[in-house]
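One structure is given below, encoded as structure tokens.
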Amino acid sequence: MNAPLPVEVLKQHLIDPEICIRCNTCEETCPVDAITHDSNNYVVDPEICNGCMACVPPCPTGSIDNWRLVVRAEAYSVQDQFGWEELPQEKSLPVDAAVAGDAAQQAAGAQAEPAAAPAMLVTPGAAVPPWSAAHPYVNLYTHKTPITATVVGNYRVTGADTESDIHHIVLDFGEQPFPVLEGQSIGILPPGVDAMGRPHHARQYSLASPRDGERAGYNNLSLTVKRVTQDHGGEAAHGVCSNYLCDLAKNDTVQVIGPFGHTFLMPNHPKANLIMICTGTGSAPMRAMTERSRRLIGTADIGKLMLFFGARTERELPYFGPLMKLPRDFIDINLALSREPGQPKRYVQDLLLERAAQVRGLLADRNTCIYVCGLKGMEVGVLDALREVVVQSGEDWSILHEALRREGRLHFETY
Ligand code: A2P
């Protein structure tokens with residue numbers, strides 16, 4: 001009698017729809033385009049995914065790191081996954097398959113080491129935090145168990161006569177624990193339903209305040225939110241969550257999930273230097289890190305802070321007034337204005353080149369961490385400028401770039 005054919009088992013890569021905040025990071029990161037989404041879920045196509053793991057470290061929530069052993073012929077299809085509200089339970093495999101499954105699991109485990117080559121190609125930043133970063137808490141509150149925050153402030157931080165309607169919004173958590181670190185983000189659940197009648201998904205916002213609160217010692221935090229009135233192509237569009245947030249009044253309540261993020265964190269050792277490069281609302285984590293450092297003046301040995309901040313005009317640069325009041329011996333501020341009447345158009349990458357000597361000096365110090373946050377488009381320009389700064393001094397950018405990534409010293413958050 002013939003022996004039964006072994007059943008092929010797949011360690012199927014899945015995304016937990018209850019944790020996922022639909023930030024699109026995984027879809028952007030996947031080097032083989034195995035990740036896609038509909039209006040409900042982000043999903044992994046089992047026909048395409050090769051388990052390279054490139055998408056796992058950048059995911060702010062960890063929802064991407066889910067796996068099920070399945071008989072390959074019965075793998076969950078993309079259509080199955082679009083309909084899920086939660087991950088399916090682990091299924092037991094047929095006996096033959098289970099044996100093959102152990103092998104598959106081992107094989108998949110072997111693959112599960114982050115594959116250096118694709119990760120290097122798809123994400124220019126580090127997948128680990130700086131060595132001295134504090135421990136971040138993530139996913140304490142989820143779509144099913146959100147926390148209620150109260151609005152205690154909502155102010156416009158750009159000139160009233162400008163197109164850029166950017167708000168500084170302060171949320172208070174009262175007696176409920178909500179521990180955060182600079183560089184982390186939270187999710188806001190806007191009320192109401194989408195065009196399909198389903199509750200809106202969470203929208204992710206970076207914290208603009210330091211770990212000990214927008215007001216030091218208070219259980220509150222702040223966000224920097226730009227009212228979205230256009231899509232990326234310049235067509236009129238109504239941003240569901242940004243408009244909701246910008247219109248909130250004091251004492252309104254908001255449903256919050258998170259915190260998220262375990263790598264875009266600041267170093268905590270003495271003399272750590274920060275190079276911060278941002279555009280528009282990408283200034284939120286830079287404000288948080290700057291304020292954290294400012295509060296440490298006189299109590300800790302803080303390193304150098306260098307800020308490159310891009311905006312259309314001074315009046316469209318969020319927090320312009322308070323920023324300019326910071327002592328110059330505390331932070332080296334470089335403003336790149338692109339539409340200031342009578343001035344040449346400048347981007348942050350132009351200023352990095354203009355300040356090459358200072359940037360190079362900081363890059364040569366292993367205590368320096370670099371943070372880039374803002375428009376997706378600036379990623380390439382900033383990397384090119386950093387490369388140019390290093391190459392000008394006869395050094396090898398690829399070696400330094402790899403060290404910055406490996407040591408958790410170069411971080412990107414772009415959208
Ligand atoms: P621009 O005037 O060319 O749009 P926004 O106000 O749209 O959030 O943009 C913030 C700043 O980032 C603006 O000064 C904008 O300039 C600038 N910017 C746009 N594209 C890039 C890019 N590829 N690299 C760096 N800065 C950019």
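Indexing begins at 1, ligand by ligand and atom by atom, following the structure's order. The basis for the numbers below is simple: all heavy atoms, side chains too, and nothing from hydrogens, waters or symmetry mates.
Remark: minimum distance from atom 22 (C) of ligand 1 to any protein heavy atom is reached at Y347 CE1, 3.6 Å. The closest protein non-hydrogen atom to atom 4 (O) of ligand 1 is R339 NH2, 2.8 Å. At the top of the distance list for atom 19 (C) of ligand 1, counting protein heavy atoms only, stands L375 CD1, 3.4 Å. Looking only at heavy atoms of the protein, atom 7 (O) of ligand 1 is closest to R312 NH2, 2.9 Å. Closest to atom 24 (N) of ligand 1, if we only count protein heavy atoms, is Q349 NE2, 3.1 Å. Nearest protein heavy-atom neighbour of atom 14 (O) of ligand 1: S338 OG, 2.6 Å.
With a 4.0 Å heavy-atom cut-off, ligand 1 is reached by no atom of A336. Contacts between K226 and ligand 1, counted as non-hydrogen atom pairs separated by less than 4.0 Å, involve the side chain only.
If you check the side chains of N273 and T368, you find a donor sitting under 3.5 Å from an acceptor. When only modelled atom types and interatomic distance are considered, Q184 and H262 share no side-chain donor-acceptor pair under 3.5 Å. For the residue pair N41 / R22, a side-chain donor-acceptor distance below 3.5 Å is found, with atom types taken as modelled. In summary, the side chains of D194 and H200 do not present any donor paired with an acceptor at a separation below 3.5 Å, with no hydrogens or angles considered. Side-chain contact, S209 with E291: no donor N or O sits under 3.5 Å from an acceptor N or O.
Checking only distances, A311 does come within under 3.5 Å of ligand 1, N or O to N or O.
By the 4.0 Å heavy-atom criterion, K345 is counted among the residues contacting ligand 1.
Checked against a 6.0 Å centroid threshold, the rings of F412 and F264 do not count as neighbours.
Salt bridge status for D212 with R292: absent, with no side-chain N to carboxylate O gap under 4.0 Å. The pair R355-D332 counts as a salt bridge, with a side-chain nitrogen and a carboxylate oxygen less than 4.0 angstrom apart.
Here the shortest heavy-atom distance to atom 11 (C) of ligand 1, taken over G377, G310, A385, belongs to G310.
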